[in-house]
S.K.: 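Please find one structure pasted underneath; my questions will follow.
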Amino acid sequence: MGKQSSQSLADQLKPYVAPFRYDGTGEFHLKSHKTNERGGLDKEKGEKIIEANRKRLSDFQEKLYAQDRWSLLLIFQGMDAAGKDSAIKSVFDGVDPQGCEVTAFKVPSSKELDHDFLWRAAIALPERGRIGIFNRSHYEECTVVRVHPEILARQKLPPKLITRDIWRERFEDISCFERHLARNGTVILKFFLNVSKEEQRARFLDRLEQPSKNWKFNMGDIAERKLWAKYQAAYQDMIHHTGTRHSPWHIVPADHKWFARVVIGSTIVAALDKLDLHFPKVDKADKSEFKLVRQALLDEDKSRAVKKSK
Ligand code: ATP
Ligand code: MG
């Protein structure tokens, strides 16, 4: 038997998951995470893992749905052009669309601003048996809102409640919210697509130069790029305070899109493998009823054949 077959799937995939995970234990330094890591793979080997993970994910999703107990919440954050959309598209290629729902969180509407900041995330959560994908999320509340104080000022909060503790309070509230979800059967995995400033520049240039990508270019993204250091500081603080065992962050090296997909796919597959998902078992009474129904269906065919021959 090969070495791999004696290992669980989660063990096999560990090299593409563990180095990138932050679950609140120990120190966290975003700066020490490399954006161009390849995990000792080349693109060809990476593609094979991506493809194998797609098949595994599709099989697990069927069981998750049939079992109807757990739900999976996947949260994607990252700077513009970090590759959130294309990673989601690639990792979920081939998964039954009926079992998944993607929600893209944009600038909040006036209705959304009339509620607490977790409200719109709460109503978009996956039902049991489903996979919910957040393309941006409630974490924008501690990144873009922190980098732009004018956005916070527009949130209609009672002024008395806006203190210097607001970010610590938001980290705390988000962690409690996620712990509550975890205790109710939602498996949460968070991904920060960690791209370098240089790679973002190359991707923006590509969007400007290739007519088919022009539509992706957004002038506003250039303004945000100028605030790069502020965003990195906000992400550092946020990941440090909201990475927990029930809701870990994964700092995904995102300069090589294929490697980001290896890490994301492996993380999801390894987490589902640990849930020990299986199709619901049919009990004895049902099984004997199945036998009767099956026989009746077979008999239908026989009686049709008799009729035809008459
Ligand atoms: P892409 O540019 O790849 O299409 P995107 O996620 O950047 O995807 P956009 O429509 O360009 O989508 O931008 C959405 C914008 O909404 C982002 O700039 C994001 O920071 C902002 N946003 C999301 N949530 C909030 C929030 N709670 N408060 C303020 N701004 C938010
Ligand atoms: Mg954008």
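Numbering of ligands and ligand atoms starts at 1, following listing order. Values below: all heavy atoms of this structure, side chains included; hydrogens, waters and symmetry mates excluded. Sequential numbering from 1 along the given sequence is applied to the chain's residues.
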S.K.: Are Ile251 and Ile264 connected, step by step, through hydrophobic side chains (Ile, Leu, Val, Met, Phe, Trp, Tyr) whose heavy atoms are closer than 4.5 Å?
M.R.: no

S.K.: Going by atom types only, do Thr25 and Arg245 share a side-chain donor-acceptor pair under 3.5 Å?
M.R.: no

S.K.: Hey, are Thr186 and Ser71 close enough side-chain-wise for a donor-acceptor pair under 3.5 Å?
M.R.: yes

S.K.: Please, which pairs that meet side chain to side chain donor-acceptor pair (under 3.5 Å) have at least one residue in residues 262-276, sequence neighbours excluded?
M.R.: Asn53-Ser266

S.K.: Donor-acceptor pairs under 3.5 angstrom involving side-chain atoms of residues 284-295: please list them, not counting sequence neighbours.
M.R.:
unit_1 : atom_1 : unit_2 : atom_2 : d
Ser288 : OG     : Lys284 : O      : 3.4
Ser288 : OG     : Ala285 : O      : 2.9
Gln295 : NE2    : Asp299 : OD1    : 3.2

S.K.: Can you tell me which residue pairs pass the ring-ring contact (aromatic ring centres under 6.0 Å, His included) test with a partner in residues 44-69, sequence neighbours excluded?
M.R.: none

S.K.: What is the name of the N/O/S atom in Asp80 that sits closest to the Mg ion (ligand 2)?
M.R.: OD1

S.K.: Near ligand 1, which residues have a heavy atom under 4.0 Å away from one of its atoms?
M.R.: Asp80, Asp85, Phe105, Lys106, Val107, Pro108, Arg120, Arg136, Glu140, Glu141, Val144, Val145, Ile151, Asn218

